[in-house]
Amino acid sequence: MYEYLSGLNAPQREAVTYLKGPLMIVAGAGSGKTKVLTTRIAHLMANGVDSFNILALTFTNKAAAEMKERVEKILGNTEARNLYIGTFHSVFARVLRAEAHRIGFPNNFTIYDTDDSRSVLKTVINELNLDDKHYKPSVVHNRISQAKNALVGPAEYATDYYIQQEDMRSNRPAIAQVYQAYTARCFKNGAMDFDDLLLKMHELLKGFPEMLSKYQRKFKYIMIDEYQDTNPVQYEITKLLGAAHENICVVGDDAQSIYSFRGATIENILQFEKDYDDVKIIKLEQNYRSTQSILNVANEVIKNNKGQIPKALWTENEGGEKIRLVRTMTDNDEGRFVADTIQEQKLRNHYYNRDFAILYRTNAQSRSFEESLRRMGIPYRIYGGVSFYQRKEIKDMLAYLRVIVNTRDEEALKRIINYPVRGIGKTTIEKAVTIANEQNITLYEVISRAGEHGFKAGALEAIQNFVTMIRYFQSMLETKNAYDVAVQVGKHTALVKELFSDKTTEGLARYENVQELLNSIKEWVDDRNNRAVIDEDGIVLIPNPSPQVEKGGAKSLDPNDNVSGSLIPSPPVERGQGGEASLGGYLQQITLLTDADDDKGNADAVKLMTIHAAKGLEFEVVFVGGVEETLFPSALSINTREELEEERRLFYVAVTRAKKRLWLSYANARYRFGNLVQNDPSRFLEELPADYVDKSFAGGGARNQSGVNMGSAFERMHRGFGNESSIQYNDSRKPATGNAKPSFIPVAPKPQAISHTPSADFVPSDTANLQAGQKVEHQKFGFGVVTKMEGSGHNPIATVKFELNGEKKIMLNYARLRIVE
DNA sequence: GATTGCGCGATTTTT
DNA sequence: TCGCGCAATC
């Protein structure tokens with residue numbers, strides 16, 4: 001019985017089987033947290049808990065997807081699809097999609113991403129006659145976001161003495177008004193920003209007792225991952241939801257709290273104990289991920305933080321190699337070093353590209369790594385950065401879809417009203433906006449009754465044509481799925497045509513992007529129709545619309561229904577075909593999707609991401625770049641102990657991502673806004689325990705030790721990238737044979753000259769027909785005899801016994817061998 | 001209404 | 001350095 005329990009250690013098992021009442025799991029890095037959570041869900045279900053009554057909240061869609069998958073695997077049946085597993089944002093968006101009308105929003109509300117929010121803010125700031133140079137939308141947005149995450153509404157914001165003092169000091173006393181106006185505008189637009197998804201959920205539970213009890217009854221068992229990163233709104237919501245049954249299980253690690261800038265507070269973890277009468281606390285302290293060396297380094301560094309939950313992370317894993325510290329001259333050199341080392345490690349230790357991760361503090365650092373990897377022909381994938389959905393052409397297309405579903409969405413409407421050009425000029429739009437503001441009606445309402453507002457004949461006709469087109473699209477919502485509607489939009493708006501006729505490279509790329517968007521919508525629709533199981537927003541779909549989804553009464557083809565003239569929205573209308581593959585449903589989840597989520601399988605590519613994005617992930621080999629003062633710790637985070645300790649936790653997170661090997665690198669100087677800026681090595685490097693760190697590539701700056709390694713470090717940096725290089729690059733290597741993906745073409749290894757100097761006439765042979773018994777020469781390992789051939793046709797591996805270096809497994813796709821006889 | 005050119009700001013971290 | 005927003009111009 002309970003076969004799945006057998007693979008757990010004692011505390012893990014205890015955590016899994018402790019089902020009733022409040023439970024806090026303090027889970028150190030790499031201690032099998034996800035395993036415990038997923039097994040616990042399975043165990044709940046095995047003990048008769050209905051899958052419909054389990055809620056699991058995560059921080060990323062990726063984590064949610066992984067959890068879902070693992071539960072399914074353990075259970076081996078389809079029950080898992082009834083679980084509510086997702087990010088806070090996606091789960092609440094889903095609930096709000098059913099309930100938003102209760103708080104005055106349309107159920108098909110738009111979700112604004114950061115760009116949308118800033119754009120609305122800019123409009124609002126200008127309307128208040130404030131200078132958007134001084135009231136920078138991004139700055140104001142951060143401030144409002146902080147307020148929202150702390151459950152401070154516009155009214156309280158305006159009257160709170162300390163908040164007002166802060167705004168005075170930063171010389172932005174009008175933020176309160178902006179906040180107020182922004183909130184009103186979002187409401188008018190029928191839109192919620194990211195923070196609203198939490199805030200409105202809270203409002204719903206707090207303001208409607210029947211809602212509270214409904215969702216308390218629904219979510220009888222609650223699990224929350226990464227609890228150390230919850231902010232006050234999230235804390236309040238989960239507290240409300242869990243209050244009735246107290247079956248609430250939180251998992252966290254105070255040492256990995258890295259989201260305080262988003263309002264998260266470790267206090268929540270400490271508070272948890274006080275919130276319930278008897279909280280069971282279980283610590284998971286055995287690390288299964290990393291080597292002793294890596295763990296020792298991590299533990300040693302985090303010791304410098306004060307006030308932690310006491311715990312001792314240990315491992316039974318092997319000692320492993322020392323972690324390596326590398327110093328380079330510039331950020332470009334750093335990039336080269338890393339790309340170079342990846343290449344070398346692939347050969348030396350037979351890693352795949354996917355085994356490597358390059359982590360950094362800020363997204364901007366990715367550039368030098370990208371360049372070097374590209375130059376070396378190493379495939380890579382960047383997580384984060386500019387998302388697919390942030391591209392102009394994609395936003396344009398999505399804006400059409402948004403307007404069709406929610407005409408109140410003024411942001412989207414303004415974006416497309418005259419794009420592609422249809423003769424609705426700036427003056428006309430300004431006039432319409434003014435009317436809308438004066439009469440407190442939506443912009444769409446103004447243009448849909450343009451005849452009443454005295455537009456000039458030409459403009460009037462253009463507007464009416466536009467409205468007719470939108471109505472035409474809307475009429476399809478009832479019968480057509482998201483893809484069909486999107487295709488129609490593409491055809492009728494000339495949007496696609498315009499891009500298609502643009503024959504420049506960028507134009508072509510844009511056209512392809514739109515095509516790609518359509519494909520992904522198609523995929524989404526098919527997914528719904530065929531399986532109706534996996535939901536991209538991280539929630540397992542309930543095959544039939546869940547009971548709480550209220551079907552609206554009168555469905556109407558008249559788009560005016562949507563803009564009934566008051567701010568009280570029309571009754572909830574579940575638009576679209578069965579609600580499943582509807583355009584509204586599609587849009588609801590698309591904003592919450594990050595490009596890390598549409599990961600096309602496990603492509604064999606080096607992964608690049610910020611340390612924040614790497615949380616919860618693990619990699620065989622990790623490079624942490626830019627370990628320098630002003631960068632890591634960030635110059636913006638060294639003013640208080642709290643900030644500095646968060647940076648240190650971030651460092652801790654970075655280090656503990658590595659399973660086997662870890663490099664820390666820093667550059668003497670890096671390019672910043674075009675000029676070279678000097679940086680000191682990070683203070684965190686001074687905290688590393690010397691016994692577990694190999695500093696032979698770190699040099700000593702002014703205190704150059706004239707060691708052999710020292711010299712070679714610099715040589716390594718500057719060798720092989722100029723014309724004088726003896727190293728053969730892409731153009732000179734033989735064409736890839738039998739490997740489907742051209743990006744996998746290996747690059748010639750840099751000669752390490754450890755113990756063998758290649759023959760002067762070294763030319764790699766075609767090893768396609770290599771047989772055991774043949775004598776070969778390897779550039780690095782020297783002469784040897786093939787003792788065994790294995791591996792499949794497209795990935796042959798030869799075992800070679802070298803005279804100098806012993807037996808090695810050589811992947812023929814990567815290594816270059818000369819057949820001697 | 002589109003095109004060009006100039007000046008200035010940009011770098012924390014994310015749902 | 002680079003990309004964006006904005007003003008000037010046709």
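Chain identifiers are assigned alphabetically (A, B, ...) following the order of the sequence lines, protein sequences preceding nucleic acid strands; residue numbering begins at 1 within each chain.
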statement: Checking B:dT14, B:dT12, B:dT15 against the side chain of A:Ser637 (C-beta onward), the nearest is B:dT12
- line: The nucleotide from B:dT15, B:dA2, B:dT13 with an atom nearest the side chain of A:Val421 is B:dA2
If you compare every side-chain N and O of [X] against the phosphate oxygens of [N] (OP1, OP2), does one of them come in below 4.0 Å?
X: A:Thr610; N: B:dT14; answer: yes
X: A:Asn363; N: B:dT13; answer: yes
X: A:Lys136; N: B:dA10; answer: yes

query: When the P atoms of B:dT11 and C:dG5 are considered, how many whole Å apart are they?
result: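 Here B:dT11 and C:dG5 have their P atoms 13 Å from each other.
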[Y]/[X] salt bridge by N-O under 4.0 Å criterion:
X: A:Arg118; Y: A:Asp193; result: no
X: A:Asp229; Y: A:Arg262; result: no
X: A:Glu371; Y: A:Arg336; result: no
X: A:Asp333; Y: A:Arg670; result: no
X: A:Glu370; Y: A:Arg367; result: no
X: A:Asp167; Y: A:Arg172; result: no

Between [N] ([atom2]) and [X] ([atom1]): distance, integer Å:
X: A:Glu628; N: B:dT12; atom1: CD; atom2: P; value: 16 Å
X: A:Glu226; N: B:dT14; atom1: CD; atom2: C1'; value: 13 Å
X: A:Arg262; N: B:dT14; atom1: CZ; atom2: P; value: 9 Å
X: A:Phe88; N: B:dT15; atom1: CZ; atom2: C1'; value: 11 Å
X: A:Lys122; N: B:dG9; atom1: NZ; atom2: P; value: 14 Å
X: A:Leu197; N: B:dT15; atom1: CG; atom2: P; value: 13 Å
X: A:Gln146; N: B:dT12; atom1: CD; atom2: C1'; value: 13 Å
X: A:Asp116; N: B:dT14; atom1: CG; atom2: C1'; value: 16 Å

query: Which value, rounded to the nearest 0.5 Å, describes the distance between A:Leu96 atom CG and A:Ile111 atom CD1?
result: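 Rounded to the nearest 0.5 Å, the CG-CD1 separation comes out at 8.5 Å.
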field: Duplex segments of DNA chain B, taken as runs of at least three Watson-Crick or G-U pairs that stay under 3.5 Å
entry: B:1-10 with C:1-10
- prompt: Hey, can you pull the residues of residues 232-239 of chain A with a non-hydrogen atom under 4.0 angstrom from DNA chain B?
  reply: none
Acceptor/donor pairs from residues 134-142 of chain A side chains to any protein atom, 3.5 angstrom cut, sequence neighbours excluded:
from, atom 1, to, atom 2, distance (Å)
A:His134, NE2, A:Asn171, O, 2.6
A:Tyr135, OH, A:Ala174, N, 2.9

message: Should A:Phe261 be counted as stacked on B:dT13, where stacking needs a ring-centre gap under 5.5 Å and an angle between planes under 30 degrees?
response: yes
- prompt: Earliest and latest nucleotide of DNA chain C, 5' to 3', sitting under 4.0 Å from a non-hydrogen atom of chain A?
  reply: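 The contact span of chain A on DNA chain C goes from C:dT1 to C:dC6.
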- request: Inspect the surroundings of CD in A:Glu461 and state if more than 12 heavy atoms from other residues, nucleotides or ligands are less than 6.0 Å away.
  value: no
task: Tell me which of A:Glu647 and A:Ile424 sits closer to the 5' end of DNA chain B, going by the nucleotide each one is nearest to.
output: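 Result of the comparison: A:Ile424.
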query: With a non-hydrogen cut-off below 4.0 angstrom, is A:Tyr671 in contact with a base, only sugar-phosphate, or nothing?
result: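 Result for A:Tyr671 = nothing.
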query: Which residues pass the salt bridge (charged side-chain N to carboxylate O under 4.0 Å, His left out) test with A:Lys133, sequence neighbours left out?
result: none
message: Just to verify, what does A:Glu411 make a side-chain hydrogen bond (donor to acceptor under 3.5 Å, both in side chains) with, not counting sequence neighbours?
response: A:Ser119
Salt bridge (Lys or Arg N to Asp or Glu O under 4.0 Å) between A:Arg649 and A:Glu646, intermediate numbers included: CA-CA 5 Å; A:Arg649 289 193 295 268; A:Glu646 175 143 325; 3.2 Å; yes
